[in-house]
A.B. asks: 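Just passing along the structure, written as C-alpha cells.
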Protein chains: 2
Amino acid sequence: MSLPRELGLRVLSAVLGAPLILLLGWWGNWPFFLFLALLYLLGLREMALLLRIPPLWPWVNSVFFIWAARLGKPDYELAILPAAICTAVALVFLFPRFSPREAAATFFSSTYLSFLFFPFFLRSLPDGWCWLLFLLLITWTFDTVAYFTGRFWGRRRLVAHLSPGKTVEGSVGGLLASGCLSLLFTPWFGLSPLSLFLLGSGVGVAAQLGDLVLSAVKRASNKKDAGSLIPGHGGILDRFDSLCLSAPLVYYFASWHLGG
Amino acid sequence: MSLPRELGLRVLSAVLGAPLILLLGWWGNWPFFLFLALLYLLGLREMALLLRIPPLWPWVNSVFFIWAARLGKPDYELAILPAAICTAVALVFLFPRFSPREAAATFFSSTYLSFLFFPFFLRSLPDGWCWLLFLLLITWTFDTVAYFTGRFWGRRRLVAHLSPGKTVEGSVGGLLASGCLSLLFTPWFGLSPLSLFLLGSGVGVAAQLGDLVLSAVKRASNKKDAGSLIPGHGGILDRFDSLCLSAPLVYYFASWHLGG
C-alpha cells in the first residue's frame with residue numbers, strides 16, 4: 001500500500017475510532033466493559049493465530065478473565081486458577097496434538113491480553129475518567145509521534161533484529177511528546193510537573209515495550225500485521241498492543257497516588 | 001531399576017521425607033514458607049529443562065511470585081504483572097534466540113508451579129494445620145493407592161497416549177481410598193460424611209490431573225522422570241506434581257467453608 005493511501009486510512013480509522021473509544025470510556029460501566037471484552041476476544045484470536053494454536057482454548061480461558069474483570073479490580077487469582085485447570089485438561093486430553101508448549105502459549109496469551117481490562121479498572125477509580133483520558137491520550141501520542149518521527153527523521157534502528165521500522169529517533173520523539181503532553185494534566189492530578197513528565201515518559205516506555213512484544217510474536221510467525229480488522233492499522237492487536245502494558249502502569253500509579 | 005529396589009527406595013524416601021514435610025507444615029510460618037520456596041525453585045528448574053528453556057528467566061519471574069506468596073494469600077495480581085513485564089523484556093532483547101513460545105513457556109511454568117505455595121496459604125487459615133494435614137494425607141493416599149492398585153490390578157489404560165503406566169483400576173482405587181480416608185476428618189471440619197467423601201475424591205481428581213500435566217510435559221520431551229533428586233521418586237516435580245492442583249482446591253474449599 002502506498003504511503004499516502006496508508007496514511008489516509010490510518011488517519012480516517014483514528015478519526016472515527018478514537019471518539020468512539022473516548023465516548024465509551026467516558027460512559028464507563030457496561031458499555032465500556034463490553035467493548036474491552038470484545039477487544040480481548042478479537043485480540044486473543046489474532047494472538048492464537050500468530051502463535052499457531054487453535055483459538056478455541058484461549059477463548060475457553062477468557063471466560064474466567066472476563067468474569068473476574070467484571071468486578072472492576074485486577075483480582076485475578078480466581079481467574080488464573082480455573083484458566084490453568086482448563087489448560088491442563090485440554091493438554092491431558094488432546095496430547096500430543098496439543099503440546100505442552102501450545103498449552104503454555106494458550107495460558108500466556110489469555111493472561112497477557114487480559115491486561116486490556118486495565119482501562120476499565122482505571123475508569124472505576126475515583127477521578128477514573130481523568131486517568132483514563134490521560135492513559136489514552138499519552139499512549140496514542142507516543143504511538144503516533146514515534147511513528148511519524150521515525151518515518152521522517154529515523155536513522156538508527158532501535159531493535160534491528162525485531163522490527164526494522166522502529167528507530168531510536170522515533171522512540172525519543174515519542175517519549176518526549178508523551179512526557180510533555182502529560183504536563184497538561186498538572187491541575188487535575190495534583191502532581192508536580194516533574195512527576196507527571198516522568199509518568200508520561202514511563203507510559204511511553206511501557207507502550208513501546210507492549211508494541212515490541214507484538215513485533216516479536218509477528219516476526220516469529222513471519223506476519224507483518226496481526227490481522228486486518230482496522231483499515232490502515234492492521235488487526236486489533238496492532239492498534240492496542242501498547243495499551244496492554246501502559247494501562248497497568250497508569251492503574252497502579254493512580255491507585256498508589258490515590259491511596260497515599 | 002528392579003521393582004523391589006525401586007519400591008524400597010520409594011518407601012525409604014517417603015518414610016524420611018513425609019515426617020519432615022509434616023513437621024515443617026505443623027510449624028508453619030517462615031520454615032514452611034522457605035521449604036515451599038525451595039521446592040518451587042527446584043521444580044521450576046526441572047520444568048524449564050523439560051520445556052527446553054533456560055531456567056534463568058523462570059527464576060527471575062519466580063522472585064515476584066515468592067514475594068507475593070509471602071503475604072499468605074493467593075493475591076497474585078501484583079506478581080503476574082511484573083512477571084509478564086520481565087518475560088516481555090527478555091523476549092524483546094533476546095529475540096530470536098528466545099522465541100515467543102519460549103516466553104510463553106517461561107511465563108506458564110513460573111505461574112503454574114507457584115500453586116505450590118497453596119499449602120502455605122492453607123496453613124495460614126484458621127484451623128490451617130488440620131486442613132493442611134487433610135490435603136497432604138489425601139493427596140499422598142491418592143498417589144500411593146493409585147500407584148499400587150494400578151501396579152497389581154491395573155488392566156485398562158487410562159490415557160494410553162500419555163502415560164502407559166496409569167490405569168483406570170489404579171485411579172478408581174485411588175479415588176475410593178481418598179474419599180474413604182477423608183471420612184476420618186468428620187469430627188474436625190463439621191462437614192457431613194457425604195461432603196467429605198466428595199471433597200476427598202475431588203482432591204484425588206485434582207491430584208491425578210496435576211500428575212497427568214507433568215506426564216504430558218515429560219512425554220513431550222521424552223523423559224521418564226523430571227529429575228533425580230529424590231531416590232525412587234525422580235525429581236521434585238515427580239513427587240509434588242499432584243499438589244499443584246490439589247492444594248488450590250482444598251484452599252478454596254476451606255476458605256469458602258470457613259467464610260460461609
Side-chain angles (χ1 to χ4, degrees), chain A residues 47 50-53 68 73-81 83-85 87-89 91-109 111-112 114-115 118 159 161-163 206 208-221 244-245 248-249 251-252, chain B residues 47 50-53 68 73-81 83-85 87-89 91-109 111-112 114-115 118 159 161-163 206 208-221 244-245 248-249 251-252:
Chain A
M47 184 65 104
L50 287 172
L51 290 169
R52 295 200 194 89
I53 47 174
K73 281 180 293 181
D75 290 343
Y76 271 164
E77 81 272 13
L78 277 174
I80 292 277
L81 187 70
I85 292 175
T87 310
V89 170
L91 172 64
V92 164
F93 283 97
L94 301 177
F95 184 88
R97 247 185 315 138
F98 191 65
S99 73
R101 279 207 176 185
E102 286 175 314
T106 298
F107 184 78
F108 172 73
S109 46
T111 309
Y112 179 75
S114 72
F115 297 158
F118 271 85
V159 275
H161 59 296
L162 198 61
S163 181
Q208 175 96 74
L209 185 62
D211 199 12
L212 288 172
V213 168
L214 185 67
S215 296
V217 175
K218 286 191 288 194
R219 172 56 60 112
S221 62
C244 286
L245 290 179
L249 176 69
Y251 175 82
Y252 283 110
Chain B
M47 185 66 103
L50 287 173
L51 291 169
R52 296 201 193 86
I53 46 173
K73 281 180 293 180
D75 290 343
Y76 273 163
E77 79 272 12
L78 276 174
I80 293 278
L81 187 70
I85 291 174
T87 309
V89 170
L91 172 64
V92 165
F93 283 96
L94 301 175
F95 185 87
R97 246 184 318 137
F98 191 66
S99 72
R101 278 207 177 188
E102 287 176 314
T106 297
F107 183 78
F108 173 73
S109 47
T111 309
Y112 179 75
S114 74
F115 297 159
F118 271 84
V159 275
H161 60 295
L162 197 61
S163 179
Q208 175 96 74
L209 185 63
D211 198 11
L212 288 171
V213 168
L214 184 67
S215 297
V217 175
K218 288 191 286 194
R219 172 55 61 109
S221 63
C244 286
L245 291 178
L249 176 69
Y251 175 83
Y252 283 111

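For the numbers below, each heavy atom of this structure counts, side chains included, while hydrogens, waters and symmetry mates do not. By convention in this document, chain letters (A, B, ...) are assigned in the order of the sequence lines, proteins followed by strands, and residues within each chain are numbered from 1. On a predicted model such as this, the values are computed, not experimentally measured, just so you know.
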A.B. asks: Using atom types as modelled and distance alone, determine if a side-chain donor or acceptor of A/His161 lies under 3.5 Å from a backbone N or O of B/Pro96.
C.D. replies: no
A.B. asks: Could you pull out the closest heavy-atom pair between A/Arg52 and B/Arg101, with the gap in Å?
C.D. replies: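 Minimum heavy-atom contact is O-NH2, 3.2 Å.
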A.B. asks: So for B/Thr106, is it side chain, backbone, both, or neither that comes closer than 4.5 Å to the heavy atoms of chain A?
C.D. replies: neither
A.B. asks: Taking ring-ring contact (aromatic ring centres under 6.0 Å, His included) as the test, write out the residues that go with B/Phe108, two or more places apart.
C.D. replies: A/Phe107, B/Tyr112
A.B. asks: Return the option, out of B/Ser109, B/Ala84, B/Ala88, with the maximum number of heavy-atom pairs under 4.5 Å with chain A.
C.D. replies: B/Ala88
A.B. asks: How many angstroms lie between CG in A/Leu81 and SG in B/Cys244, if you round to the nearest 0.5 Å?
C.D. replies: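 The CG atom of A/Leu81 sits 11.0 Å away from the SG atom of B/Cys244.
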A.B. asks: Check whether B/Phe93 gets within reach of chain A through its side chain, its backbone, both or neither, counting any heavy atom under 4.5 Å.
C.D. replies: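 Only the backbone of B/Phe93 comes within 4.5 Å of chain A.
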A.B. asks: Any non-hydrogen side-chain atom of A/Thr111 less than 4.5 Å from a side-chain atom of B/Thr111?
C.D. replies: no
A.B. asks: Count the heavy-atom pairs under 4.5 Å between each of A/Ala220, A/Ala104, A/Gly210, A/Ser163 and chain B, then report the option with the highest count.
C.D. replies: A/Ala104
A.B. asks: State which residue, out of B/Leu51, B/Val213, B/Leu214, fulfils the side-chain contact (heavy atoms from CB on, under 4.5 Å) condition with A/Pro100.
C.D. replies: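 Result: among B/Leu51, B/Val213, B/Leu214, B/Leu51 is the only option passing the side-chain contact (heavy atoms from CB on, under 4.5 Å) with A/Pro100.
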A.B. asks: If you count heavy-atom pairs under 4.5 Å between each of A/Leu209, A/Leu245, A/Val217, A/Ile80 and chain B, which one has the most?
C.D. replies: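 Answer, by heavy-atom pair count under 4.5 Å with chain B: A/Leu209.
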A.B. asks: Out of A/Val92, A/Leu78, A/Thr87, which one racks up the most heavy-atom pairs below 4.5 Å with chain B?
C.D. replies: A/Val92
